[in-house]
Amino acid sequence: MIIKKFTGKTEAEATEAAKKELGNGLVIMNVREVKKKGLFSFLSPKQIEVTAALEDESPQRSAVNSLNRTEASGAGVGTAKTVSMKNSTENIEKKLDSLQTLLESQLNSRPVAANTEKAAEAQKEALDSEAEAAVEKQEEKEDEQNPEQDKFIRLLYNKMLDNEMDEKYVNSILEDASKTKKADLPFDYLLANIYQKMVLKFGKSEGITPAEDGPRIVWFIGPTGVGKTTTIAKLAGKYCVEDKKKVALLTADTYRIAAAEQLRTYANILETPFRVIYTPEELQTAIDDYWDCDYIFIDTAGRSHQNAEQLEKMKEMVGGLKRPEDYQVFLVLSATTKYRDLQKIADCYGKIAKFELIFTKLDETEAVGNLLNIKLYTDAPIAYVTCGQNVPDDMEMFNPQKTVKQILGGKE
């Protein structure tokens, strides 16, 4: 008897390949789904594998005997795999505890029996010869060289997608980690490696830095409703109250009702200078008047990233300063905005000036993957995040470690 395997996207495709080689007299002995091997095997589309035989002698007795032997041994193999995978899961949980309980809840809630059932079923669907069964066992052994690491990678992959990370970046990060994946590699080392790579991708921001000569001029730009004015008030409160610095507040937001009055109220509470500006010339005059301040914060009107005319006016305002090296620009974004919209916003505001990022409303979302998405998309550092309306509280310097831990499913 000639026995061979053929694969295809469908059973019909695999069977047709078998017929081309063995002829129409073949016998289909087994049909099953298979996946590619390797770290990202679970990301690859399934294929159908057909085991075909060409009968050149009466195989009936041999086939029955072989099948009976396989079924008799299948339960024992399945039990052994169950114990092995249970031990692997317990080992994973212990190592996650040592790394701030990352993925703790996911590991406890995921069943370990699914792969075992498939393995037992594969054993029961064994081929029609003892030699073929031996080949099958060898292939299964190769596929399961490191079930702990494969399970861990799958959990990470799912958790990162759950946190709305772009699949392109997820695959890139896990591919980098795969370069260090070895059968004998400690599980916690692989976890730490992925964790560190994500932290490094976020990079570091110095936030608002003092100018060498005169005040540091700080622009706050962004779409409507993201919380620019409240963010300015929080930062002004920090610098005025905690750092004892002199801060002037300017607003170019003359479109939104009561926008100027809102910032004026904050200025009065902080006892800091305030002025409304309408033109680039008025802006330069205000900067000259407040040259003795340490910082000048400039609020701007929220602009739709689809309104080219309004964005052009803002570009003229920002570009009207005499000493552009003295200013910083922060693009304020809401963490609740869809990634596709964040990309468009970043593209449009990137035409105005080079910016750093501030993310607001972290308290209004459970998925923080967009922070890493937009960081990698723009290559702009994230300086601050806000998580509430309390002024000057509910704001902090961006912490990459904390955010990566959230993305990976850890506790805050």
Side-chain angles (χ1 to χ4, degrees), residues 38-43 88-110 112 145-207 335 339 342 356-357 359 362-363 365-385 387 396-412:
L39 176 62
F40 292 99
S41 61
F42 59 88
L43 303 181
S88 297
T89 303
E90 293 174 354
N91 193 25
I92 290 174
E93 291 175 355
K94 291 179 182 178
K95 291 175 179 178
L96 285 174
D97 285 340
S98 68
L99 285 168
Q100 300 179 325
T101 67
L102 293 178
L103 295 173
E104 182 179 55
S105 60
Q106 287 70 32
L107 285 165
N108 289 335
S109 63
R110 297 268 181 167
V112 299
Q145 286 181 346
N146 204 328
E148 281 192 8
Q149 290 186 9
D150 291 341
K151 179 180 180 183
F152 168 66
I153 292 294
R154 180 184 290 276
L155 289 173
L156 272 186
Y157 177 83
N158 291 333
K159 177 50 64 176
M160 293 159 82
L161 291 184
D162 288 344
N163 267 287
E164 299 183 5
M165 270 193 64
D166 188 278
E167 189 173 12
K168 174 178 65 176
Y169 299 132
V170 174
N171 289 337
S172 175
I173 291 169
L174 296 182
E175 283 172 4
D176 287 343
S178 72
K179 297 176 182 178
T180 59
K181 182 175 180 286
K182 299 178 182 178
D184 58 347
L185 190 68
F187 177 83
D188 50 356
Y189 179 85
L190 180 62
L191 174 60
N193 180 271
I194 294 173
Y195 179 87
Q196 184 182 37
K197 285 183 182 298
M198 294 178 68
V199 170
L200 291 175
K201 285 183 181 296
F202 267 121
K204 184 178 180 181
S205 171
E206 299 296 330
Y339 178 47
L342 289 175
E356 297 180 58
L357 296 167
F359 271 95
L362 263 71
D363 57 315
T365 181
E366 295 181 353
V368 294
N370 268 340
L371 274 67
L372 186 53
N373 286 340
I374 206 66
K375 167 62 180 70
L376 295 176
Y377 181 76
T378 63
D379 197 32
I382 302 176
Y384 303 96
V385 294
C387 54
E396 61 184 25
M397 286 287 295
F398 175 65
N399 185 329
Q401 291 84 357
K402 178 181 177 181
T403 303
V404 170
K405 184 179 175 183
Q406 288 180 261
I407 292 175
L408 297 181
K411 300 175 182 178
E412 295 186 22

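All residue numbers in this chain count up from 1 along the given sequence. Only this structure's heavy atoms are used, side chains among them; waters, hydrogens and symmetry mates stay out.
Listed here is the closest heavy atom pair of K159 and I407: CG-O, 3.2 Å. Between L371 and A335, the shortest heavy-atom distance links the atoms CD1-CB, 4.3 Å. The heavy-atom pair separating Y195 from V404 by the smallest distance is CD1-CG1, 3.7 Å.
A search for side chain to side chain donor-acceptor pair (under 3.5 Å) contacts involving S205 returns E356, not counting sequence neighbours. Annotation: side chain to side chain contact (heavy atoms under 4.5 Å, CB included) contacts of K201 (sequence neighbours excluded): I173, D176, L372, L376. Listed by chain and number, the residues in a side chain to side chain donor-acceptor pair (under 3.5 Å) with Y377 are D347 (sequence neighbours excluded). Judged as a side chain to side chain contact (heavy atoms under 4.5 Å, CB included), and not counting sequence neighbours, the contacts of L161 are Y157, E167, V170. Every ring-ring contact (aromatic ring centres under 6.0 Å, His included) that F202 has, sequence neighbours left out, goes to F398. Shown here are the side chain to side chain donor-acceptor pair (under 3.5 Å) partners of D166, two or more places apart in sequence or in another chain: there are none. Looking at residues two or more places apart in sequence or on another chain, you find a side chain to side chain contact (heavy atoms under 4.5 Å, CB included) between Q196 and L200.
Remark: the backbone N or O of N373 is not paired with any side-chain donor or acceptor of N370 at under 3.5 angstrom. In this structure a side-chain-to-backbone donor-acceptor pair under 3.5 Å is missing from S172 to K168.
Note on residues 366-378: pairs passing salt bridge (Lys or Arg N to Asp or Glu O under 4.0 Å), not counting sequence neighbours, are K375-D379.
For the atom pair CE (M160) and CG (L155), the distance works out to 12.5 Å, reported to the nearest 0.5 Å. Atom NZ of K197 sits about 11.0 Å away from atom CG of L174, to the nearest 0.5 Å. With values rounded to the nearest 0.5 angstrom, I382 atom CD1 is found 15.0 Å from K204 atom NZ. Atoms CD and CG, on E396 and L362 in that order, are 8.5 Å from each other to the nearest 0.5 Å.
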Checking side chain to side chain contact (heavy atoms under 4.5 Å, CB included) for the pair Y384/M397: CA distance, chi angles, key distance, verdict?
CA-CA 4 Å; Y384 303 96; M397 286 287 295; 3.1 Å; yes

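Side-chain atoms of M198 and Q401, non-hydrogen and from C-beta on, never get closer than 4.5 Å to each other.
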